[in-house]
*Asks:* 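Right, I'll just put the structure down here and ask away after.
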Amino acid sequence: GRGESAAALVSREPPTRDAGPADAAGVDAAVITTHDAGTTGALDAGPGTTASAPGRRDGAQVAQATGDVVRTLLGLVALLALAWLGGHERVRRLEERIGIAQLMTSGFPFVLLGLVAHAPGVDVLSDATLAQLTPVLQFGLGWIGFHTGFQLASRAAAAVPRGTAPVVLLLTALPFLLITALAGAALWGLGLGTDHVMLTRDAVSIGLAGALSAPTLSKLARSSSPRAIELVQTMSLLDDVLVIVAFACLAAWLRPVSHSGWILPGVGWVVVTFGMAAVLGLLTDAVLRGTESRAERSSLLLGVVALTAGMAAMFQIPPLVVCFLAGVLFRNLPGGTDKREIEDAFARLERPIYHLFLIIVGALWRPELATGWLVLPLFLVARTLGRLGGARLARALPPEARPESLAETPDGDLVLPPMGQLAIAFVITAQTLYESTAVRAMVTAVIGGSIVMEVVVQVGARRRGSLGPSPRAHRGSGAG
């Protein structure tokens, strides 16, 4: 009968006679109807019922999915536009006129923008969207690494004052050891380090991030001595080299679970890391050699950084490390490419790319996790005490073992420098390699610490009345 359910129709014994046209049509309709579970109610409801209700539900779902896609696309376009506008010269002049240039140079408003874009109800940068934007994040990490490495010219290194190396070592090693010890103890106490290998890896990662310092802009420095300012900026570049090389070894020996099929010992991955950086650094020089127009140079520079970051990510090697080493090699290769023109290309492109990177960082950040805020005070105290101890030991060195300009450098510039973009890039790299609750706590501690140190530097400069028109942005405080 017409009131029988679809299951009853299908389970009925097949007819022993040949089905006529009407019977065949009835059986076929029933069988076809059972293929869509959503339409069984149409057969149960009687002869006057149609399958329009499921159709309306499907149409509503399609419309909602289409709306989500359109909203995401429009949101991404708006975020890209804001990242580009943040680096535009006219916008920067406007920021200076209304007195927010230093705040925007730090880049942290874009971290907040990323948080808003990920918030429930907005979902422009949802988890699914962020997964699709992983290559953009890897490119941002590679760009920061390449530009940092490009700033290390061998001629400038040869002009470093005698005695700078031991001071850099003290100001880097002591904060690293203290942060590693206190942060490791905090992670263990919070139950985030049950495995001793992972606990050591996470503690060393946050220790390396905290050991970094960004070069302070001249107007934000506590010293008015050009030699002292140059010493602080030189030391901030040299500690980058120490920390990145250490992180390259850490990532080689404590690799994440890999599905690439390559099984190598730790020293083998070190060789792969440095070999890949050397090859791609030479390739960068070959590609950029002889470029004439500014647009061609910028396009090729973006391309080689994207290639370097992509190659590193494919082998689960930190793009930050490989691009840094490739940038160092490219900068110091003789002849061929005009490095000043490449530096101009970096200056034009740096802020928009950095702003876009910070937006993604903000969307990845999980500040609602309390564990990161519990680690933050220990992180800041360990960093400050470590740098203070390093500064005191450096001043206690014999006069011939320390630079003369150290006497002109106040403790504030040595102990409380900003952390800058490289420290954030470190913990984001750790998050892409070793996803865990402990790593997410580290991200909160480092981003929160960067914000606190930026506030300390800005407030100190305002109290001294040293804030004037902002020069071109550089790494750190501002780190834009």
Side-chain angles (χ1 to χ4, degrees), residues 87 89 139-161 164 168 214-215 217-218 226 229-245 248 273-312 319-354 357 420-422 425 471-476 478-480:
E89 189 64 32
F139 171 76
L141 293 169
W143 181 270
I144 292 173
F146 202 98
H147 189 203
T148 303
F150 186 78
Q151 296 176 40
L152 295 173
S154 58
R155 293 180 181 178
V160 172
T164 302
V168 172
L217 294 175
S218 300
I229 294 173
E230 182 179 0
L231 175 64
V232 172
Q233 294 180 346
T234 299
M235 290 191 299
S236 69
L237 292 176
L238 293 179
D239 66 29
D240 293 347
V241 179
L242 288 176
V243 172
I244 289 180
V245 171
T273 299
F274 283 83
M276 180 184 295
V279 171
L280 293 171
L282 293 172
L283 178 63
T284 301
D285 184 71
V287 169
L288 291 173
R289 186 183 295 267
T291 53
E292 298 179 357
S293 68
R294 189 172 71 171
E296 179 186 11
R297 193 176 301 112
S298 299
S299 300
L300 291 175
L301 180 61
L302 290 170
V304 294
V305 173
L307 173 65
T308 306
M311 288 287 293
L320 179 72
V321 171
V322 176
C323 289
F324 173 84
L325 297 172
V328 172
L329 177 61
F330 170 60
R331 177 60 185 264
N332 294 286
L333 287 174
T337 309
D338 190 343
K339 303 304 191 299
R340 290 173 298 179
E341 295 178 350
I342 301 299
E343 184 61 46
D344 290 340
F346 272 116
R348 289 193 307 273
L349 299 171
E350 179 182 16
R351 279 184 61 140
I353 294 174
Y354 180 49
F357 168 76
Q421 62 187 21
L422 195 58
R472 190 176 69 186
H474 191 48
R475 295 174 46 246

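Side-chain atoms are counted along with the backbone in the values below, which use heavy atoms only and exclude waters and symmetry mates. In this chain, residues are counted from 1 in sequence order.
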*Asks:* Among all residues two or more places apart in sequence or in another chain, which pass the ring-ring contact (aromatic ring centres under 6.0 Å, His included) test with F150?
*Replies:* F330, F346
*Asks:* Output all residues satisfying side-chain contact (heavy atoms from CB on, under 4.5 Å) with V287, sequence neighbours left out; order by chain, then residue number.
*Replies:* L283, L300, V304
*Asks:* Between L333 and L282, is any pair of side-chain heavy atoms under 4.5 Å apart?
*Replies:* yes
*Asks:* Test of understanding: with side-chain hydrogen bond (donor to acceptor under 3.5 Å, both in side chains), list the residues that count as partners of S298, not counting sequence neighbours.
*Replies:* R348
*Asks:* Before you tell me yes or no, could you show the steps for L302 and I353 under side-chain contact (heavy atoms from CB on, under 4.5 Å), namely the whole-Å CA-CA distance, both residues' side-chain angles and the distance that decides it to 0.1 Å?
*Replies:* CA-CA 10 Å; L302 290 170; I353 294 174; 3.7 Å; yes
*Asks:* Minimum heavy-atom separation for P334 and R289, please, with both atom names.
*Replies:* O-NH2, 4.4 Å
*Asks:* Go through the structure and list residues passing salt bridge (charged side-chain N to carboxylate O under 4.0 Å, His left out) with R297, not counting sequence neighbours.
*Replies:* E341
*Asks:* Indicate the atoms forming the closest heavy-atom contact of A312 with V322, along with that distance.
*Replies:* CB-CG2, 3.7 Å
*Asks:* With sequence neighbours excluded, tell me which residues meet side-chain hydrogen bond (donor to acceptor under 3.5 Å, both in side chains) with E296.
*Replies:* none
*Asks:* Does any non-hydrogen side-chain atom of M311 lie less than 4.5 Å from one of L307?
*Replies:* yes
*Asks:* Step by step, would you call L237 with Q151 a side-chain contact (heavy atoms from CB on, under 4.5 Å)?
*Replies:* CA-CA 8 Å; L237 292 176; Q151 296 176 40; 3.7 Å; yes
*Asks:* Closest heavy-atom contact between A425 and I144?
*Replies:* CB-CD1, 4.2 Å
*Asks:* Could you tell me whether the side chain of I244 reaches within less than 4.5 Å of the side chain of L422, counting heavy atoms only?
*Replies:* yes
*Asks:* Given the rule in the side-chain contact (heavy atoms from CB on, under 4.5 Å) test, do L280 and L329 qualify, once you have shown the distances and angles that lead to the verdict?
*Replies:* CA-CA 9 Å; L280 293 171; L329 177 61; over 6 Å; no
*Asks:* Output all residues satisfying side-chain contact (heavy atoms from CB on, under 4.5 Å) with V305, sequence neighbours left out; order by chain, then residue number.
*Replies:* F139, W143, F146, L301
